[in-house]
**Q** 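Quick one: the structure is below, questions incoming.
Every chain is numbered from 1, with letters handed out A, B, ... down the list of sequences.
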Number of protein chains: 2
Amino acid sequence: MPPYHHGQLRTALLEAAERSLRENGEEQLSLRELAREIGVSHAAPRRHFPDRQSLLYALAETGFARLDEQLRAAVAAAGEGYVPQLRATVKAYITFATDDAALLELMFSSKHRPGAEQVVAAAEPAFTLLYGLIVRGQAEGRLAAGDPERIGLVMFATMQGIATLINTGLARPELLDDLVETAVEQFVGNVKASSVRSG
Amino acid sequence: MPPYHHGQLRTALLEAAERSLRENGEEQLSLRELAREIGVSHAAPRRHFPDRQSLLYALAETGFARLDEQLRAAVAAAGEGYVPQLRATVKAYITFATDDAALLELMFSSKHRPGAEQVVAAAEPAFTLLYGLIVRGQAEGRLAAGDPERIGLVMFATMQGIATLINTGLARPELLDDLVETAVEQFVGNVKASSVRSG
DNA sequence: CGACATTGTTGTCAGCGCCTACATTGTTGC
DNA sequence: GCAACAATGTAGGCGCTGACAACAATGTCG
């Protein structure tokens, strides 16, 4: 007979929720269903997440943290050169976005809801990383000059869009590397062609 | 006293649904709520849409038709030159995507579900238009050479991503023109700079 | 005009999120 | 060591939803 108190219910809920999100998407995620899987009563989750949305917020936060980790790991593994780092970052982002499509969607839809300051804060490290990459690229003459926000947004949009295309089946997953390469060439293609591929 | 038969219930449902989608998003759209607004019983919609999903499919279909219309109108209004037409298309796509964000999301999420052949078919004209624009751009030397599918996907991804950024609040709507211009320059920036802006 | 398909209505079901009341367990101050 | 209290679980219920079945009104056509 299981003990009255689960003890790790919050963690168990987050894990089950992340799996459910990956397998069935946000719409299908049900607090009562999670409770059944874990073996607690239907109202138990309420002690840890006052409503469904707050569980989703928590998922979004941990999602941003993991995204940041994976981006930094990719940069670290790519060596010193700018273009390899850029390529690795783009690929890591899109890989995250396609492996955890529903989570990423949730991360962004959560981020701009009123009262989601925690989520916004959790998103910052990853954004800071990307922003830094733009600024450095411009400083080194690899990227087009101009407002880093504007350049960065378009780069970011391209990454996000490629992920969306793969997720919606418009692009086959095997195309990932090709699309990343095309995108990177587009980013660095505006500056003089010499040495673009060397760095 | 209203007549027993509404007479235009299907149309009325689609209109109310599109408005509800725009105002409150897909999640909030309720068949019973639509029925109440229109003034029929809660089960009446079932005669026209056997379940909720089939209504969403119908919305997605008309959405693709309207997207195609608006893209063609934009191209027609842009004159003969390639770059102006490209710019107009990109802007028209993003404008549609931001004016009807929830609808666009629905259009794409519907498109890749099993059994959505009607939606896929409805999407074709708009995609054909975009594809033709790529091929023509390459033929005229305005765009980078290479597999049109690959080039087109990245372009399309960029558009889609910009729309997502604006919709999620990551980019302010006032930036639209700037972002479109940055994106277009990125597309045509890979070929020799001469005459890029003249077309 | 009568058979039949179409398009409505009413009633019911299970599942959901959210809420309240209550039970059990862990913790802390006397 | 135990009483008070906070934390965390259970049980039950509310109103909402989508889906379904049985029935009623209406339009259509032989």
**Q** Record whether the side chain of A:H42 comes under 3.5 Å of the base of D:dG12 through a donor-acceptor pair of N or O atoms.
**A**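 Side chain to base: pair found, below 3.5 Å.
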**Q** Give the nucleotide from the list D:dT17, D:dT8, D:dA19 with an atom nearest to the side chain of B:E33.
**A** D:dT17
**Q** Round to the nearest Å and state the distance from B:E27 atom CD to D:dG18 atom P.
**A** 13 Å
**Q** For the pair made of CD in B:Q28 and C1' in D:dG18, what is the distance, rounded to whole Å?
**A** 15 Å
**Q** Which is true for A:R36 with a 4.0 Å heavy-atom rule: it touches a base, it touches only sugar-phosphate, or it touches nothing?
**A**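 Sugar-phosphate only.
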**Q** Inspect the contact between A:R66 and A:E69 and indicate whether a charged nitrogen and a carboxylate oxygen are less than 4.0 angstrom apart.
**A**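 Looking at A:E69 and A:R66, the cut-off is not met.
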**Q** To the nearest Å, give me how far apart CD (A:Q53) and P (C:dC16) are.
**A**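 Whole-Å distance recorded here is 18 Å.
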**Q** Taking the side chain as every heavy atom from C-beta outward, state whether B:Q53 and B:S110 have any pair of such atoms under 4.5 Å apart.
**A** yes
**Q** Give each protein N/O atom lying under 3.5 Å from an N/O atom of nucleotides 22-26 of chain C, with the pair distance.
**A**
residue : atom : partner : partner atom : Å
C:dA23  : N3   : A:Y4    : OH           : 3.1
C:dT25  : O4'  : A:H5    : ND1          : 3.4

**Q** Under 4.0 Å from OP1 or OP2 of C:dT10: is there any side-chain N or O of B:R32 that close?
**A** no
**Q** May I ask you to evaluate whether B:R46 reaches the phosphate of D:dA19, defined as a side-chain N or O under 4.0 Å from OP1 or OP2?
**A**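 For D:dA19, OP1/OP2 do not have a side-chain N/O of B:R46 under 4.0 Å.
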**Q** Quick one: is A:S30 getting a side-chain N or O under 4.0 Å of the C:dG17 phosphate, OP1 or OP2?
**A** yes
**Q** What's B:L29 touching, base or sugar-phosphate or nothing? Going by heavy atoms closer than 4.0 Å.
**A** sugar-phosphate
**Q** Would you check if A:F96 and A:L103 make a side-chain contact, meaning some heavy-atom pair closer than 4.5 Å?
**A**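 Result yes, sub-4.5 Å side-chain heavy-atom pair found.
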**Q** I need the CD-P distance between A:E37 and C:dG15, as an integer number of Å.
**A** 15 Å
**Q** Given the rule in the side chain to side chain contact (heavy atoms under 4.5 Å, CB included) test, do B:L29 and B:R52 qualify, once you have shown the distances and angles that lead to the verdict?
**A** CA-CA 9 Å; B:L29 189 153; B:R52 194 184 118 108; 4.2 Å; yes
**Q** Once you round it to whole Å, what is the distance between C1' of D:dT8 and NE2 of A:H48?
**A** 6 Å
**Q** How long is the line joining CG of A:L55 and P of C:dC16, in whole Å?
**A**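 Roughly 15 Å, once rounded to whole Å.
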**Q** Are A:F108 and B:T164 side-chain neighbours, meaning at least one heavy-atom pair lies under 4.5 Å?
**A**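 Result no, sub-4.5 Å side-chain heavy-atom pair not found.
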**Q** Measure the distance from CG on B:D51 to P on D:dA21 and round it to the nearest whole Å.
**A**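 Atom CG in B:D51 sits about 14 Å away from atom P in D:dA21.
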**Q** What is the distance, to the nearest angstrom, from the CZ atom on B:R52 to the P atom on C:dG15?
**A**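 So the two atoms are 19 Å apart, to the nearest Å.
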**Q** Looking only at side-chain atoms of B:A43, point me to the closest of C:dC18, C:dT10, D:dT10.
**A**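 My answer, after comparing the listed nucleotides, is C:dT10.
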**Q** Between A:Y93 and A:F156, is the ring centre distance below 6.0 Å?
**A**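 That pair passes the under 6.0 Å test.
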**Q** Does any non-hydrogen side-chain atom of B:V180 lie less than 4.5 Å from one of B:L176?
**A** yes
